[in-house]
2 protein chains.
Amino acid sequence: MTYTIKEVSEKTNLSIYTLRFYDKQGLLPFVARNHSGYRIFTDGDLNLLKTICCLKDTGMKIKDIRTYINYVMAGPSTIKERKKLLLSHRQAVLAVQQKITENLAEIDYKLDIYGSTDATKIVTAEYDFVAAEKESNQLPNPYQAT
Amino acid sequence: MTYTIKEVSEKTNLSIYTLRFYDKQGLLPFVARNHSGYRIFTDGDLNLLKTICCLKDTGMKIKDIRTYINYVMAGPSTIKERKKLLLSHRQAVLAVQQKITENLAEIDYKLDIYGSTDATKIVTAEYDFVAAEKESNQLPNPYQAT
DNA sequence: TTAAACCCTCGACCGTACTCTATGGCAAGG
DNA sequence: CCTTGCCATAGAGTACGGTCGAGGGTTTAA
């Protein structure tokens, strides 16, 4: 089974523009062409494209994805380099994941306040505090709290 | 206690450029100025800045952060809107978090293969498979597998 | 009082990742 | 054969989030 760029676009939720852009960036050297230059995707190509999306969606730069793809194109002799690249990326993703979890806790904390029955009271107290702080430093109060 | 932009830059790991950029974008309407136009940050300002970073680091657009900050500046009457905004953002963050977890599993799967004693064997088998697929569709084999 | 080290604004520039337009070739049905 | 709807490329444009340089005022401490 083979696929046109349009079909791949529908399967991957990448726009046709993006697919062509990725090709131009050297991310799709494995995609064949027919006699008139049309791209022909195979299922194997879709798999690799899925890997590309996986790396992209975890924040890897196109340049680094290209490096990975080039390793893949070069065959089993590059397994060590692939492993190194993915391990380092894995660490970056873990760091991002942890940061998101921390920030989410912060957001949830704020939501707890906003959702509480005392929300107005708490928020007003915060205003009073920062207003006092501004005043104690002879600074204007920028808040329009009512 | 008050802080200069340089001190805030060191405390937040945001560059001075970025702080001024955020101000220009309307994210820091609460920051006071001295008689010659220098920004003067208070501890309360640092708190709000921390919230800004929290939202930014979870992928919120500057435009939406500005909306949130404007709600904060307007006082307790905007609690409902703040809650709505943060709840919707929370959903977006949860979705990102889940996607990252899924992609991380995919990366770990690949790392398992690359780290296995059979790595070369497995990768070679994959090559054989995609090469056969290309051939069965009369397409050239783009891989340089050795 | 002067030099070093700050601070300011404005606007240009940059990197990343697309997104689209213009122009033109190919394919399949009526 | 011709129209409709794909496909292609090159290159311009966009969105976003910074980053920087020029030009000029301020603060601090010797």
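In what follows, every heavy atom counts, from backbone to side chain, and hydrogens, waters and symmetry copies are set aside. Each chain gets a letter, A, B and so on, in the order the sequences are listed, and its residues count up from 1.
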(message) I need the CG-P distance between B:N34 and C:dC6, as an integer number of Å.
(response) 16 Å

(message) From OH of B:Y38 over to C1' of C:dC6, roughly how many Å is that when rounded to an integer?
(response) 6 Å

(request) For the pair A:K50 and A:D45, find out whether any cationic side-chain nitrogen is under 4.0 Å from an anionic carboxylate oxygen. (result) no

(request) Kindly compute the distance separating NZ (A:K56) from OH (A:Y22), expressed to the nearest 0.5 Å. (result) 4.0 Å

(message) Measuring to OP1 and OP2 of D:dC7, would you say a side-chain N or O of A:S36 lies under 4.0 angstrom away?
(response) no

(request) Write down the distance between CG (A:L28) and P (D:dA8), rounded to a whole number of angstrom. (result) 11 Å

Give me, pair by pair, the N or O atoms of the protein and of nucleotides 14-21 of chain C that are less than 3.5 Å apart, along with how far apart they are.
from	atom 1	to	atom 2	distance (Å)
C:dC18	OP2	A:Y22	OH	2.6

(request) Under the side chain to side chain donor-acceptor pair (under 3.5 Å) rule, collect the residues that match up with B:T78, sequence neighbours excluded. (result) B:R82

(message) Let me spell it out: for each of B:T4 and A:H35, pick the nucleotide of DNA chain C with the closest heavy atom. Which residue's pick is nearer the 5' end?
(response) B:T4

(request) Give the nucleotide from the list D:dC6, C:dT9, D:dT27 with an atom nearest to the side chain of B:R20. (result) C:dT9

(request) Specify the separation, in whole Å, of atom CZ of B:R33 and atom P of D:dT27. (result) 14 Å

(request) For B:L19 and D:dG17, give me the distance from atom CG to atom C1', rounded to whole Å. (result) 14 Å

(message) Assigning hydrophobic clusters by single linkage (Ile, Leu, Val, Met, Phe, Trp, Tyr; side-chain heavy-atom cutoff under 4.5 Å), is B:L139 placed with A:L28?
(response) no

(request) Provide, to the nearest angstrom, the distance between the CD1 atom belonging to A:I5 and the C1' atom belonging to D:dA8. (result) 9 Å

(request) Just compare C:dC7, C:dA27, D:dC7 and give me whichever is closest to any side-chain atom of A:K6. (result) D:dC7

(request) Kindly say whether A:T4 contributes a backbone atom to a donor-acceptor pair with the side chain of A:E7 at under 3.5 angstrom? (result) yes

(request) Quickly work out the B:D64 CG to D:dC16 C1' distance and round it to whole Å. (result) 13 Å

(request) Provide, to the nearest angstrom, the distance between the CD atom belonging to A:E7 and the P atom belonging to D:dG5. (result) 17 Å

(message) Just to be sure I understand the rule, does A:R39 reach a base, reach only the sugar-phosphate, or reach nothing, if contact means heavy atoms closer than 4.0 Å?
(response) sugar-phosphate

(message) I'd like to know if B:D23 and B:R33 make a salt bridge, using a cut-off of under 4.0 Å between side-chain N and carboxylate O.
(response) yes

(message) Taking A:D43 first and then A:K11, would you say they form a salt bridge - that is, a charged N and a carboxylate O separated by under 4.0 Å?
(response) no

